[in-house]
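Below is one structure, written out as structure tokens, with a few remarks after it.
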Amino acid sequence: MIHPTPRLRFAPSPTGSLHLGGARTAMYNWAAARALGGTFLLRIEDTDQARSTDASLQVILDGLRWLGIDWDEGPGTAGQYGPYFQMQRLELYRATADRLLASGHAYPCYCTPERLEQLREQQKAAKSSWIGYDGRCRDLTAAQRAAHEAQGLRANLRFRMPEARVIAVHDLIRGHVEVNTKELDDWVMLRPDGVPLYNFACVVDDIGMRITHVVRGEEHFLNGIKQRLLFEALDAECPVYAHIPLILNQKGGKLSKRDPGVKSVLEYRDEGFPAEAVFNYIALLGWGFAADRDVFTRDEMVAAFRIENVGKAGAKFDPEKLQWMCGEYIRRMPPAQLLDRARPWLPHVPAAAFTSHRAWLENAAASYQERVQLFGELGPKLGWLFADPVPDEAARKNLSKDPASRQWLAAWADVLAAGDLPPSWPHDRAGADDHVKLPSKKDQPEPACRFATPQRIEAECRAFVERLGVKFGSFVHPVRAALTGTDKGPGLFDVVFLLGKDACVRRLRAAAAG
RNA sequence: GUCCCGGUCGUCUAGUCCGGCCCAGGACCCCAGAUUUUCAUUCUGGUAACACGGGUUCGAAUCCCGUCCGGGAUACCA
């Protein structure tokens, strides 16, 4: 037994951003670990020194944290199977390599990169059915090795693959699969400088970290075969494998972090996508929660998740459904939460307002709750609350449609000026927003409030419009345009309530004056 | 080239293991209608799929074979 409880890992290489595909792999590992009551760990595969960077490590860590994919062992934790950076485990690889060398499972290869590349090209040019290392150094005598060493050649260590042998594996996703080892060549385990390559480091660490289940992208399927043989050579038990299909880009190819237009997880964060919506959406790429439900919580996912239920076919990423999912989460959020979480995208809202006008801002956020899908969309929509707007094209049209509308605007301004609307920002609005919760809904009882409520404003407005003898709709549109500068937004009387007396009167009169 | 995997509405999927409950269900998108002071939300309805061809069977999306199409692998990357 590898370990009494399940242990799963996500093992990214810090060579680029974390995109949705990587995030999903991490999530499936995480969910499987949580579902099985096991441990989830993070291992950093930083052996590609040419491409690994601290910046990209940070991006991966931040991305996972943002999505709520937390690890029990890994960077920043004191797990007992660390260190969790491969470059800090070099002695381990060296020692294991020596064992393999001694047992004959590994051998030094003196072929230069140039020769190997040439070899590959020749094989391709000859339309060879088989492409790979030709085994030139496989059976070098001690004398030949010594001669190479004497020339100053430094050897890679290669793993000696058994000749034609059928390996049968049971993959949690793919089921029973057989692969003949003749499809595989002798692969490099260790570079001359002692830095291991993927398959070798991976196995040494999976053994050392007592990994019981390996969930990773299907591009690793064949690596799984190579690794299985290595486990065997080391007399170690092989973990259970689950090779999940890739997420496809719009063109149907493998989603790559080098693909232009593929966003990193942090870009979604920065654009104001709710993390739980992104989490929820990517969970659905290749896995079904329930036949009739797409929105679920993290806990519900953990309760329902089984790695073997992940589909075998690749899924295309659909930005529109993600967008919808975001809106779904935003609408379900308490307004206070929406306000707080959207705050980074509200630079024009003075910091003090978050304490002095908390209830007002919550009402403002709430009135846009059904109208935004991302936190980042809230900021631009709230501009009219703080500054008299410049009417956009649609607003200008509504303002100029009926020449008589100027008189109505002026007249209504007088009505409002004489009424008891709440004060405008930045005046104190105590007694207004803390009694009236927006958005107002039909058939909602009118709240007790010492200021005019949206319901009352509407009732009085309708009476006013009736006296005026114009159609309600044709009155309302220019008013909205004057007040907000657009033809969209919350119910007009919520707008009036939020804006308060001074601002309403001022803007109506300004519009009336042209 | 060779090996591996896949193929249900445009997209994500349920159903496939244990054939009949599926003339295929849900969601996104799209369209139409309802509500309405705009936009949005909400509600109602609609369009739309078992890749193709053979078998097996009383009966196949489900089992078998072939074809086609798609993806992955084939590194001193991971």
Side-chain angles (χ1 to χ4, degrees), chain A residues 11-16 45-48 50-52 109 111-113 116-117 120 123-124 126-133 156-158 171 173-175 177-180 182-185 187-193 195 197-199 201-202 216-223 225 243 245-246 248 250 252-254 281 284-295 311-325 327 331 368-373 381 394 398 439 442 458 461-462 465 471-477 479-481 484 486-493 495:
Chain A
S13 70
T15 54
E45 310 214 327
D46 51 358
T47 56
D48 184 346
R51 290 197 291 146
S52 294
C109 167
C111 296
T112 61
L116 296 172
E117 196 180 327
R120 210 171 309 130
Q123 290 167 334
K124 276 185 186 163
K127 299 212 165 137
S128 162
S129 69
W130 190 85
I131 294 173
Y133 182 58
N156 281 312
L157 225 52
R158 278 187 194 270
D171 189 280
I173 309 290
R174 295 192 175 198
V177 183
E178 293 182 358
V179 177
N180 195 313
K182 73 179 182 201
E183 306 298 336
L184 276 12
D185 62 358
W187 45 278
V188 177
M189 302 181 345
L190 205 64
R191 299 177 172 100
D193 61 3
V195 177
L197 269 85
Y198 172 70
N199 282 303
C202 183
R216 83 239 288 193
E218 70 179 3
E219 73 267 29
H220 287 299
F221 183 82
L222 227 42
N223 286 328
I225 305 293
H243 288 96
L246 275 11
L248 278 14
Q250 241 74 24
K254 173 182 173 181
Y281 176 73
L284 249 16
L285 254 22
W287 179 73
F289 171 75
D292 56 357
R293 237 179 95 195
D294 280 344
V295 181
K312 291 187 195 177
K316 249 179 224 155
F317 166 65
D318 177 9
E320 286 191 326
K321 187 157 184 179
L322 204 212
Q323 192 86 203
W324 165 82
M325 183 76 76
R331 268 172 295 198
Y368 277 100
Q369 194 151 12
E370 293 169 344
R371 279 167 261 260
V372 297
Q373 292 177 307
K381 302 221 189 248
N398 284 340
K442 278 257 169 303
E458 171 165 7
C461 178
R462 284 187 187 272
V465 171
K471 255 182 70 189
F472 190 63
S474 48
F475 174 83
V476 140
H477 297 306
V479 171
R480 172 183 298 281
T484 67
T486 76
D487 64 340
K488 307 179 193 350
L492 185 64
F493 307 103
V495 166

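Naming: A, B, ... by sequence-line order, numbering from 1 per chain.
Asp48(A) comes within contact range of the sugar-phosphate backbone alone, with a heavy-atom separation under 4.0 Å but no base atom that close. Counting any heavy atom pair closer than 4.0 Å across all strands shown, Asp292(A) reaches sugar-phosphate atoms only and no base atom. Using a 4.0 Å heavy-atom distance criterion, Phe493(A) is classed as a base contact. In this structure, Gly311(A) reaches neither bases nor backbone, as no heavy-atom distance under 4.0 Å exists between it and the strands shown. No contact: Leu184(A) has no heavy atom under 4.0 Å from any strand.
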Between the protein and nucleotides 1-5 of chain B, are there any N/O to N/O pairs under 3.5 Å, and if so, what are the atom names and distances?
residue: G1(B); atom: N2; partner: Ser129(A); partner atom: O; Å: 3.1
residue: U2(B); atom: O4'; partner: Ser129(A); partner atom: O; Å: 3.1
residue: U2(B); atom: O2'; partner: Glu183(A); partner atom: OE1; Å: 3.3
residue: C3(B); atom: O4'; partner: Glu183(A); partner atom: OE1; Å: 3.3
residue: C4(B); atom: O2'; partner: Arg174(A); partner atom: NH1; Å: 2.6
residue: C5(B); atom: O4'; partner: Arg174(A); partner atom: NH1; Å: 3.0

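Nearest to the side chain of Lys321(A), among G71(B), G26(B), A78(B), sits G26(B). The side chain of Trp324(A) lies closest to C28(B), out of G71(B), A75(B), C28(B). Across A78(B), C39(B), U37(B), the shortest atom-to-atom separation from the side chain of Ser13(A) is found for A78(B). Among U37(B), A73(B), C76(B), the nucleotide with an atom closest to any side-chain atom of Leu492(A) is U37(B). The side chain of Val188(A) lies closest to C76(B), out of C76(B), C39(B), A14(B). Out of U38(B), U11(B), A78(B), the shortest distance to the side chain of Asp487(A) is found at U38(B). The Asp294(A) side chain lies nearest to A27(B) when the options are C28(B), C77(B), A27(B). The side chain of Arg51(A) approaches C77(B) more closely than any other nucleotide in the set C39(B), A75(B), C77(B).
The shortest heavy-atom contact between Lys182(A) and Trp130(A) is O-NE1, 2.9 Å.
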Step by step, would you call Leu284(A) with Met325(A) a side chain to side chain contact (heavy atoms under 4.5 Å, CB included)? CA-CA 11 Å; Leu284(A) 249 16; Met325(A) 183 76 76; 3.8 Å; yes
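Taking only distance into account, the side chain of Arg331(A) never meets the base of U41(B) through a donor-acceptor pair shorter than 3.5 Å.
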